[in-house]
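Take this structure, written in structure tokens, and hold onto it; I'll ask about it next.
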Amino acid sequence: MSLTKKYSKEVKQILSKYPPEHKRSAVMPLLYLAQREEGYVNKAAMQDIAQILEITETEVASIVGFYTLYHDEKAGKYRMQVCTDLPCALRGADEFLQNLCGNLGIKVGETTPDGLVTLEAVTCLAACDKAPMFQTQGPDGIKYHENMTVDKTMELIEALKSGD
Amino acid sequence: MTHILLRHREIPDIQKLTVYKKNGGFAAFKNAVTKMKPSEVTDLVKSSNLRGRGGAGFPTGTKWSFIDNKTFPHYVVANADESEPGTFKDREILENNPLQFLEGLAIASYAVSANVAYVYLRGESWQIAALLDEKIAEMEKAGYLGDNLFGTEYSLKIYTHLGAGAYICGEETALLESLEGKRGQPRVRPPFPALVGLYGKPTLINNVETLTNVPMILANGADWYKAMGTGDSAGVKIFSLSGRVRKPGNYELPFGTTFRQLIYEHGGGILDGRSVKVIMPAGASSSMIVVDDKVLDTPMDYASVRTLGSELGSASVIVIDDTVSVDWIVNKTIHFFKHESCGKCTPCREGTYWMQNITNRIHSGNGAQADVDLLLTVAKQMQGKCLCPLGEFSTMAVVTGIERFPQDFRKAVKSEK
């Protein structure tokens, strides 16, 4: 089903934020909407958005490619994005990520065999005082998890699993 | 000291509209709209000597006065794209004292005669955007946003807009491109956004912390504000303290507080009783400061930090102890800038790519002194040639790291000799 049909109320609400002659501004919120269910934007959704905004599909794809929070490939249900930038690394983020990999039996960039979690290393998330930390990007949006340990993270993963 | 920005530390419920109002909230906005001309609001902010808190430190009132009054509509955009490694101050304001920020945004909008304002948030601030949407709706219901405010001709709408993970969108023209639905790549300036901004119209862009100061300045006066801080740096600043300190966090303090006070009195000193080796006062974009007693006793204001061969920037103070090697720091910062370079201009796109290759080689123990020299050459060739400050920022840690801590690089490459 097309985006306009499925989420007609949301699409309308998003478009109302911008001047009608500049509706291209809505491309970012529409992409979030398109990616809500499956965690990535498929080709059909990009065509939809292009049609709604009267821009080309290539222009939509260029936005997906430029910004790191849009994805054009399926991954785990939750992307677990660990900040490893300088301030976090000074507080053990690299070791944390390494230990997490060991516990999950996957490498950075890989997904757990049950398809629940894809582990990623990302740049600054503005939580430098609460490292080690990561965000989860999933069906319920983006959530921060701060002052984390590997044990606490494994508990969180169990909770996410049972939330299935 | 009582906080004037992080007021939730004294008034935990201040994000509730009734509580905010009871504590003087919206009186400044109402007074401005009903009793002051827009230019009078701008003049008041100008005389408070408030400077932009996003990093550049440009005088706020002066920026407001640049808005072209011959072309309409005008727009105001709050820059909430906080993404500099080491900076996490705007987030605390938005999560806990959102109404004061929104009132500041509303006052700025009135001062530059804008009827629409956007809050551009970094994409990760998903939950904050939801909170702001809720607060904006409450303000509309209470008559602080919408048409004919306080019975006047003035109308204002505020909308939130989420970015999607791009540091470059904190640069104001890249932010505008992004808000227009394009890739966040900086524009060539001039023209500046005050003349040609969002949708080609005059646009004011201010940082969250800057705007959050504004209601307090209007309520208490310019002289009250100027009485805090030091000569060229009026008022208070939120210092984001991170790295190898015992109590990292945000500390709202007057400009002129020394590094020693911040790190030892507020931050509880260094982890494991070590000593400070390097301070990066403006996040990953900093020139590195070699720390000694004189440095620790230096007041943190724009002019004093400059005498140390660095910049205060957004006051994201990353503290590094003597267990850390500077070649590792450079490797980390370059990794960040390489990832965040938007790719538009050649010096930055290619420069960060090659700097990453070389610093990876050095850091992995496969480098030679010639690589260190090459890294320094690449960084210096980039300086002054990039389209926007990102490229310039990427060279800061490289150049100052190599020039001020040559021994760390010698050690990193010594296996080669």
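Predicted model, so just to flag it, every value in this text is computed and none were measured. Just so it is clear: chains get the letters A, B, ... in the order the sequence lines come, proteins before strands, and each one is counted from 1.
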Under 4.5 Å, counting heavy-atom pairs only, tell me which of B:Ala166, B:Pro85, B:Ser178 racks up the most with chain A.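 Ranked by contacts with chain A, first place is B:Pro85.
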Whether the A:His145 and A:Thr153 side chains hold a donor-acceptor pair (N or O, under 3.5 Å, no angle test) is what I'd like checked.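 Short answer, no.
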Who in residues 96-115 of chain A is close to chain B, using a strict under-4.5 Å heavy-atom cut-off?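 When heavy atoms of chain B are the reference, residues 96-115 of chain A contributes no residue within the under-4.5 Å range.
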Pick from B:Gly163, B:Gly123, B:Gly184: which one has the most heavy-atom pairs with chain A under 4.5 Å?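 Going by pairs under 4.5 Å, I would pick B:Gly184.
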I need the minimum non-hydrogen distance between A:Arg91 and B:Leu271, along with the two atoms involved.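 So the minimum-distance heavy-atom pair works out to NH1-CD1, 4.1 Å.
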Please rank B:Gly165, B:Ala164, B:Pro248, B:Gly181 by heavy-atom pairs under 4.5 Å with chain A and give me the top one.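 Most heavy-atom pairs under 4.5 Å with chain A: B:Ala164.
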Taking the ring of B:Tyr159 and the ring of A:Tyr18, is the distance between their centroids below 6.0 Å?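 No, the ring of A:Tyr18 stays outside the 6.0 Å limit from the ring of B:Tyr159, centre to centre.
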Distance-only polar pair, side chains of A:His22 and B:Glu180, donor-acceptor under 3.5 Å: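 There is no such pair between these side chains.
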Portion of B:Cys342 that has a non-hydrogen atom of chain A nearer than 4.5 angstrom: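 Interface part for B:Cys342: both.
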Quick check for you: among B:His335, B:Lys182, B:Glu82, B:Lys247, which has the greatest number of heavy-atom pairs under 4.5 Å with chain A?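 The residue among B:His335, B:Lys182, B:Glu82, B:Lys247 with the greatest pair count is B:Lys182.
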For B:Tyr167, is it the side chain, the backbone, both, or neither that has a heavy atom closer than 4.5 Å to a heavy atom of chain A?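 Looking at B:Tyr167, nothing touches chain A.
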Side chain from CB out, backbone as N, CA, C, O: work out which of these in B:Lys89 comes under 4.5 Å of a heavy atom of chain A, or both, or neither.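 Contact with chain A is absent: no heavy atom of B:Lys89 under 4.5 Å.
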Please state whether the side chain, the backbone, both or neither of B:Ile318 comes within less than 4.5 Å of a heavy atom of chain A.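 Side chain only.
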Part of B:Thr160 lying under 4.5 Å from any heavy atom of chain A: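 Both backbone and side chain of B:Thr160 come within 4.5 Å of chain A.
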Between A:Val27, A:Thr68, A:Thr84, A:Leu30, which residue shows the highest count of heavy-atom pairs closer than 4.5 Å to chain B?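 Between A:Val27, A:Thr68, A:Thr84, A:Leu30, the count favours A:Thr68.
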With a 4.5 angstrom heavy-atom cut-off, is it the side chain or the backbone of B:Thr87 that approaches chain A, or both, or neither?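 Contact with chain A is through the backbone of B:Thr87 alone.
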For residues B:Glu171 and B:Thr173, is any side-chain donor paired with an opposing acceptor at under 3.5 Å?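 Judged by distance alone, the side chains do pair up.
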Region of B:Val319 that comes under 4.5 Å of a non-hydrogen atom in chain A: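 When you check distances to chain A, only backbone atoms of B:Val319 fall under 4.5 Å.
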Establish, from distance only, whether the side-chain atoms of B:Ser155 and B:Asn115 form a donor-acceptor pair under 3.5 Å.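 No - no donor-acceptor pair under 3.5 Å links their side chains.
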Please check if the number of heavy atoms outside A:Glu73 that lie under 6.0 Å from its CD is greater than 12.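 Open.
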A:Lys23 versus chain B, the contacting section by heavy-atom distance below 4.5 Å: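 Neither part.
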For the backbone of B:Phe88 and the side chain of B:Asn250, can you confirm whether one donor and one acceptor N or O come within less than 3.5 Å of each other?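 Yes; judged by distance alone, with no hydrogens or angles, the pair exists.
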Under 3.5 Å donor-acceptor, B:Arg122 side chain and B:Asp81 backbone: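 No; zero donor-acceptor contacts below 3.5 Å.
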Within the distance-only criterion (no hydrogens, no angle test), does the side chain of A:Thr149 pair as donor or acceptor with the backbone N or O of A:Lys152 below 3.5 angstrom?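 Yes; judged by distance alone, with no hydrogens or angles, the pair exists.
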Specify which of A:Pro29, A:Pro19, A:Cys88 makes the most heavy-atom pairs with chain B at under 4.5 Å.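 With the most close heavy-atom pairs to chain B, the winner is A:Pro19.
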Testing the 3.5 Å rule here: is there a donor-acceptor pair between the side chains of B:Ser242 and A:Asp129?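 No pair is found: no donor N or O on one side chain lies under 3.5 Å from an acceptor on the other.
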Please identify, among A:Cys83, A:Ala89, A:Gly65, the residue contributing the most non-hydrogen atom pairs under 4.5 Å to chain B.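 Looking at each option in turn, the highest pair count goes to A:Ala89.
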Under-4.0 Å salt bridge between A:Asp94 and B:Lys332: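 Looking at A:Asp94 and B:Lys332, the cut-off is met.
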Does B:Arg53 reach the main-chain N or O of B:Asn207 with its side chain, forming a donor-acceptor pair under 3.5 Å?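 It does not hold such a pair.
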Test item: B:Arg91 side-chain N/O and A:Ala126 main-chain N/O as donor-acceptor pair under 3.5 Å: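 Judged by distance alone, yes, a pair lies under 3.5 Å.
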Which portion of B:Arg183 sits near chain A, non-hydrogen atoms under 4.5 angstrom: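 When you check distances to chain A, atoms from both the backbone and side chain of B:Arg183 fall under 4.5 Å.
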With a 3.5 Å distance limit and no angle check, can you tell me whether A:Gln137 reaches the backbone of A:Leu69 through a side-chain donor-acceptor pair?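 Such a contact is found between A:Gln137 side chain and A:Leu69 backbone.
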Less than 4.5 Å to any heavy atom of chain A: does that hold for the side chain of B:Glu84, its backbone, both, or neither?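 Interface part for B:Glu84: backbone (N, CA, C, O).
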Check whether B:Tyr75 gets within reach of chain A through its side chain, its backbone, both or neither, counting any heavy atom under 4.5 Å.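 Interface part for B:Tyr75: side chain.
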Checking the side chain of B:Glu140 only, and the main-chain atoms of B:Leu145 only, is there a donor and an acceptor separated by less than 3.5 Å?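 No: the side chain of B:Glu140 does not pair with the backbone of B:Leu145.
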Taking the six-membered ring for Trp, are B:His339 and B:Phe337 ring centroids under 6.0 Å apart?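 No, they do not, as the ring centres are separated by 6.0 Å or more.
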Spell out, as yes or no, whether a donor-acceptor pair under 3.5 Å connects the side chain of A:Tyr40 to the backbone of A:Tyr70.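 Flag not set: sc A:Tyr40 to bb A:Tyr70 has no pair under 3.5 Å.
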Taking A:Gly141, A:Ala131, A:Ala127, A:Pro87 one by one, which has the highest count of heavy-atom pairs under 4.5 Å against chain B?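 With the most close heavy-atom pairs to chain B, the winner is A:Pro87.
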Taking non-hydrogen atoms and a cut-off under 4.5 angstrom, which of residues 52-63 of chain A neighbour chain B?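 Residues A:Ser62, A:Ile63 are the ones that qualify, each having a heavy atom under 4.5 Å from chain B.
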Heavy-atom contact with chain A under 4.5 Å, split by part of B:Ser316: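 No part of B:Ser316 comes within 4.5 Å of chain A.
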Do you see a donor-acceptor pair shorter than 3.5 Å between the side chains of A:Gln135 and A:Gln81?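 Yes - a donor-acceptor pair under 3.5 Å links their side chains.
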